[in-house]
Amino acid sequence: MSALEIPCPLFDLEKTLGSGQVFHWTKLEQRFQGVIHREPVEIEQIGDHLRIHRGDPETICHYFSLDHPLEEIARSFPADLPLAAATDFCRGLRLIRQPRWECIATFITSALKQVPHIRQISLDLRRRHGEQVGPEVFAYPTAATLAGVGESILRESRLGFRAKNLAAAARFIAEGRIDLDSIGSLPTGELERELCRLPGVGPKVARCVLLFAYERLDAFPIDVWIERVLRERYFPRRRNITALRLRAFTASYFGPYAGYAQQYLFHHARLTMGRRVAS
DNA sequence: TGGCAGGGGTTGA
DNA sequence: TCAACCCCTGCC
């Protein structure tokens, strides 16, 4: 199969895949192998071009949101030092358009887990329960499949207490108690409330899903990293500021592309702040 | 070699 | 507001 090259200005494949949005991609030398929905994909970046060894170019461009106007997004940000530094550091990092169930399930399993663990769980679930779509390549198991598998088998993938939530969420969807596609037309606030009906989905996971699977680019998930950034960089002299006040601040301060601001602050913090931060 | 603390969150009291 | 949930890793 001959490789196809497409232009991808202002895009950094490695940063995008390494920014804690998706967890199943594997790097082999310069190539990244992964699955988009059920399609095996193998790509590498050469300067401002993407060399596609396997996969449909249109699917790949859509998945990596190559149509998002990054310059315009950066211009919409409030002018402050922490965000300017993060934006500079994350040049070319784009928000991925993820399949909805896969995104929900992956973030349910991410609770109190670090990236390598989430990745290990994600790959194991694919291998054990996902459809094989290529040599050593597996799609994420469907909700119906995981609903049939049940909690005790899921625990074998080292999910711990998350197995119960994942099994229950899979059943919730398989039984038709929520339709992930039809709720896509709801306003963001209502959509968030609908997502929180799923077992194991609280405010943080719901906002990740809003951002990564429903393209609500103003959604701002607050995890421990972002909370550290907000407290240290935005409210250094107000040590006892409440989580509620932080939420209110993020809802108004970062603007229509708050989700991008969050992703940049998050990725920058993870790679520069170290494990422990003075509090 | 083994014990211990703590981690990208949710839930229910 | 806080403990409990399960497992893994790093550190001593």
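Within every chain, numbering begins at 1; the chains are lettered A, B, ... in the order of the sequence lines, protein sequences first and strands thereafter.
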Query raised in the report: Looking across every strand, which nucleic acid part, if any, lies under 4.0 Å from Pro203(A) by heavy atom: base, sugar-phosphate, or nothing?
Result: sugar-phosphate
Query raised in the report: Do Tyr260(A) and His68(A) make the cut of ring centroids closer than 6.0 angstrom?
Result: yes
**Report entry** Value in whole Å for how far the P atom of dT10(B) lies from CG of Leu166(A)
**Finding:** 14 Å
Report task. Identify whether a stacking contact exists between Phe161(A) and dC5(C), where the ring centres must be under 5.5 Å apart and the planes under 30° apart. Result -> yes
Query raised in the report: Is it true that Phe254(A) and Phe220(A) have ring centroids separated by less than 6.0 Å?
Result: yes
Query raised in the report: Should Phe11(A) and Phe64(A) be marked as a ring pair (Phe, Tyr, Trp, His ring centres under 6.0 Å) after you check the CA-CA gap, both sets of side-chain angles, and the distance that decides it?
Result: CA-CA 9 Å; Phe11(A) 177 52; Phe64(A) 288 109; 5.5 Å; yes
Query raised in the report: Nearest-Å distance, CG (Asp124(A)) to C1' (dC7(C))?
Result: 13 Å
Requested in this report: Would you classify Arg155(A) as touching base, sugar-phosphate or nothing, given that sugar-phosphate means primed atoms plus P, OP1 and OP2, and contacts are heavy atoms under 4.0 Å?
Outcome: sugar-phosphate
**Report entry** Secondary-structure notation, DNA chain B, from Watson-Crick and G-U pairs under 3.5 angstrom (| other strand)
**Finding:** .||||||.|||||
Query raised in the report: Nearest-Å distance, CG (Leu244(A)) to C1' (dT1(C))?
Result: 13 Å
Query raised in the report: Which is true for Gly20(A) with a 4.0 Å heavy-atom rule: it touches a base, it touches only sugar-phosphate, or it touches nothing?
Result: base
Query raised in the report: Over how many whole Å does the gap from Glu227(A) atom CD to dG9(B) atom C1' extend?
Result: 12 Å
Query - Spacing of Arg193(A) atom CZ relative to dT10(B) atom C1', expressed in whole Å - result: 19 Å
Query - Side-chain H-bond candidate by donor/acceptor type, Arg126(A) with His24(A), under 3.5 Å - result: yes
Report task. Specify the separation, in whole Å, of atom CD1 of Ile226(A) and atom P of dG9(B). Result -> 11 Å
Requested in this report: Give a yes/no on whether any side-chain N or O of Arg158(A) is located under 4.0 angstrom from OP1 or OP2 of dC6(C).
Outcome: no
Query raised in the report: Do the ring planes of Phe249(A) and Tyr253(A) sit parallel (below 30°), tilted (30 to 60°) or perpendicular (above 60°)?
Result: parallel
**Report entry** Gly160(A) vs His117(A), nearer the 5' end of DNA chain C by closest nucleotide
**Finding:** Gly160(A)
**Report entry** Which residue lies more 5' along DNA chain B, comparing Leu198(A) with Gln262(A) via nearest heavy atoms
**Finding:** Gln262(A)
Report summary line: Sorted by position of nearest nucleotide on DNA chain B, 5' first, the leading residue of Val201(A) and Ser19(A) is Ser19(A)
Requested in this report: Using atom CG of Leu112(A) as one end and atom C1' of dC7(C) as the other, report the distance to the nearest whole Å.
Outcome: 11 Å
Query - Which atom of Val149(A) lies closest to which atom of His129(A), heavy atoms considered - result: CG2-ND1, 3.6 Å
Requested in this report: Using the six-membered ring wherever Trp is involved, compare the ring planes of Trp25(A) and Tyr63(A) and label them parallel, tilted or perpendicular (cut-offs 30° and 60°).
Outcome: tilted
Query raised in the report: Is it true that atom CG of Leu81(A) has more than 12 heavy atoms of other residues, nucleotides or ligands lying nearer than 6.0 Å?
Result: no
Requested in this report: May I have the distance from Gln114(A) (atom CD) to dC7(C) (atom P), rounded to whole angstrom?
Outcome: 17 Å
Report task. Please work out if Phe107(A) contacts a base, only the sugar-phosphate, or nothing of the nucleic acid, heavy-atom cut-off 4.0 Å. Result -> nothing
Query raised in the report: Roughly how far apart, to the nearest Å, are dA5(B) and dA3(C) at atom P?
Result: 15 Å
